Amino acid sequence: MGEEGVLSQSTGDVAATAAQDGTRMSDAEVAVRAGTRRDVPASAGVRGGRTALHRLLPRAGLAGQWAASAGAAVLTFQAAGLAWLVATDAVAPGAAWGVFAWIVCGTLAASALAWSTARRLVRRLERLAAHVNRIHAGEYRQALRSEDPDEIGALGRRLNRMREAVAEREHRILNLALYDSLTQLPNRTLLIDRIGQAIRDAQRYKREFALLMMDLDRFKLVNDTMGHGVGDEMLREVARRLCATVRDSDTVARLGGDEFMVLLTGGRETATEIATRIERALHEPMWVDGESLDVGASIGIAHYPAHGHDVELLMRHADIAMYQAKRQQGGWVVFDGVDRESERSHLSLLGDMRRALERGEYEIDWQPRLALATGRVIGLEGLVRWNHPSRGRLQPGDFIAFAEETGFVREITRWVVAAGVQHAARLVREGLDLHVSLNVSALDVQQRDFAQDVARALQTAGLDPSRLVLEITESGVVADLGDALATLRSLADAGVRLSVDDFGTGYATLAQLQQLPVHELKIDRSFVSGMCENRGSEAIVRATVDLARKLGLSVAAEGVETLKELKALQALGCDEAQGFFIAKPLRADEVGAWVRQANAGRGAVAA
């Protein structure tokens with residue numbers, strides 16, 4: 001029989017066994033168990049034992065026949081011998097008939113005993129063969145009663161042990177093939193099969209169902225800062241909360257990483273109600289290893305039959321809706337019915353950004369910051385770069401705006417903070433007296449757990465908080481001052497210095513500046529570049545320096561491209577400056593040597 005015939009036969013055996021048990025198995029489960037029947041090494045032993053027993057059974061039957069024939073032959077031989085003794089007058093005829101009667105009775109009794117023994121042997125072997133057939137068909141629940149102390153009894157006990165081992169092995173293989181090993185939830189393979197079943201049931205009974213696609217927020221940061229063990233425990237807790245939130249008739253599956261999907265029976269109201277319950281459940285803090293962790297999720301909803309009639313289309317539309325939820329910074333969104341090409345390209349880019357974190361494609365370049373009073377390099381600004389596998393090395397302008405639009409900038413920022421303070425700590429341990437500046441998004445400071453994340457990163461790296469400067473744009477702070485203010489105060493209380501980046505391009509009022517716990521104003525490059533030729537730019541720079549002095553803040557300038565601009569900033573009382581005239585952004589492995597050389601006077605910019 002060919003391979004397809006073997007698989008078809010095995011699949012039929014499994015399905016028939018499930019029908020006899022009264023259980024319903026999915027197509028995926030039947031296929032995996034059929035494959036197990038064919039591929040598991042123990043199954044070869046079952047088939048071999050099955051064949052050997054079937055060969056042995058006819059021989060055991062023949063043994064009974066041989067025993068009866070042998071008895072008849074013995075009886076004939078004994079009768080002939082007795083007749084010879086009578087003929088030779090060795091035995092009297094009357095005594096001979098008595099002896100012959102005893103011989104006949106003994107022989108018949110021995111033959112009957114041999115036949116009975118053979119029949120018992122055949123019946124026991126038939127029971128063993130039937131048991132092996134049940135194991136081969138995938139029926140493992142019924143144990144073989146085998147209490148006899150002989151060899152067949154021992155064989156039956158060994159078959160019972162083999163039955164238990166094969167059942168356990170098949171159970172493990174079934175779990176590995178169809179369930180996520182971390183959360184024990186159905187995986188993508190089993191979910192796709194169940195969606196297919198849901199489509200068939202919906203067509204037959206005119207029902208509706210929905211798919212909820214979920215992507216967790218801030219999960220990558222947890223993995224990077226607290227370790228994969230904590231990340232795994234967070235995923236298990238998310239799985240527990242999801243299962244506790246949905247109904248028994250629904251399916252919760254883990255697709256991989258921090259992506260989950262829920263298959264819900266019911267219409268639109270049911271889907272939106274459960275999505276809201278999931279959102280509330282995941283917003284509750286999670287306690288892992290004594291740490292309180294906050295996690296949110298962006299949820300996309302697609303309905304059958306409104307948003308598709310096949311598995312692939314429904315899953316893609318749920319993914320698009322999830323992306324739209326990302327754009328509005330969380331919550332849930334129902335697919336709007338438009339499968340736009342631009343949305344799919346955005347999904348592709350969003351997927352690339354996620355994979356970039358996993359593959360370590362992001363890097364930080366460092367641009368030196370000069371103290372204008374001393375001419376020494378006292379700081380570095382970290383600038384993220386993306387080593388894209390097909391588009392080359394991307395600058396922040398090529399992807400940060402899209403990351404902010406989707407909300408994924410929060411994941412990038414957390415990676416930048418963790419990696420940036422680690423690098424700064426290494427430089428300090430090497431003897432360099434520097435502070436580092438890192439850019440954060442307005443979305444970051446609006447998250448209530450951002451200050452805790454920064455504190456955790458500093459503690460892990462062993463860096464003094466006063467050596468970290470977080471830069472946030474003026475427009476970003478003003479856009480939502482209420483939500484950001486508490487986070488900024490927590491950061492300032494922890495010793496982190498705060499800087500208002502691109503100052504002069506936003507609409508911050510003096511009243512708002514007074515509320516902000518900031519330490520520095522950073523003048524935008526648009527005012528610094530050409531300030532010596534443009535009196536308006538020079539006036540704005542002068543006014544910014546004066547304002548900072550009155551507010552008790554330091555001042556930094558970016559975009560310095562000429563010595564003349566550097567001298568003008570120094571004359572106005574600016575504290576720090578950076579730009580191509582001082583140094584272009586450096587790779588991480590170049591920073592230490594460059595700073596030492598600059599501060600030694602061989603490459604320093606004259607103050």
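Worth saying up front: this structure is predicted, and the values here are computed from it rather than measured.
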Presence of salt bridge, [Y] and [X], under 4.0 angstrom:
X	Y	value
Asp258	Arg354	no
Arg277	Glu273	yes
Arg240	Glu237	yes
Glu363	Arg393	yes
Glu233	Arg236	yes
Arg355	Asp352	yes

Apply salt bridge (Lys or Arg N to Asp or Glu O under 4.0 Å) to Arg456 and Asp453, showing your working.
CA-CA 5 Å; Arg456 191 179 298 116; Asp453 294 337; 3.0 Å; yes

What distance do [X] atom [atom1] and [Y] atom [atom2] have between them, rounded to the nearest 0.5 Å?
X	Y	atom1	atom2	result
Met261	Leu212	CE	CG	8.5 Å
Ile199	Gln197	CD1	CD	11.0 Å
Ser441	Arg414	OG	CZ	10.0 Å
Asp193	Leu178	CG	CG	8.0 Å
Thr265	Asp201	OG1	CG	10.5 Å
Phe209	Arg194	CZ	CZ	14.0 Å

Do Glu361 and Pro389 have side chains that approach each other closer than 4.5 Å (heavy atoms only, starting at C-beta)?
yes

Identify the two heavy atoms, one from [X] and one from [Y], that lie closest to each other, and give their separation to 0.1 Å.
X	Y	answer
Ala494	Pro465	O-CB, 3.4 Å
Leu357	Phe408	CD1-CZ, 3.6 Å
Val238	Leu282	CG1-CD2, 4.0 Å
Glu208	Gly267	OE1-CA, 3.8 Å
Leu463	Ala424	CD2-CB, 3.9 Å
Phe402	Tyr323	CE1-OH, 3.6 Å

Taking only residues two or more places apart in sequence or in another chain, which ones pass ring pair (Phe, Tyr, Trp, His ring centres under 6.0 Å) with Trp366?
His423

Can you name the ring pair (Phe, Tyr, Trp, His ring centres under 6.0 Å) partners of His519, sequence neighbours left out?
none

For Gln459, does the CD atom have more than 12 heavy-atom neighbours from other residues, nucleotides or ligands under 6.0 Å away?
no

Under the side-chain hydrogen bond (donor to acceptor under 3.5 Å, both in side chains) test, which residues partner [X], sequence neighbours left out?
X	result
Asp180	Thr183, Arg254
Glu558	none
Thr276	Trp332

Not counting sequence neighbours, which residues clear salt bridge (charged side-chain N to carboxylate O under 4.0 Å, His left out) with Asp433? List them please.
Arg467

Is there a donor-acceptor contact under 3.5 Å linking the side chains of Ser499 and Glu471?
no

Between His435 and Ser437, does the side-chain hydrogen bond (donor to acceptor under 3.5 Å, both in side chains) criterion hold? Intermediate values first, please.
CA-CA 7 Å; His435 64 260; Ser437 300; 4.6 Å; no

Sole candidate of Lys584, Gln578, Glu381 that passes side-chain hydrogen bond (donor to acceptor under 3.5 Å, both in side chains) when paired with Gln367
Gln578

Show your reasoning for whether side-chain contact (heavy atoms from CB on, under 4.5 Å) applies to Leu211 and Tyr304.
CA-CA 8 Å; Leu211 294 182; Tyr304 176 88; over 6 Å; no

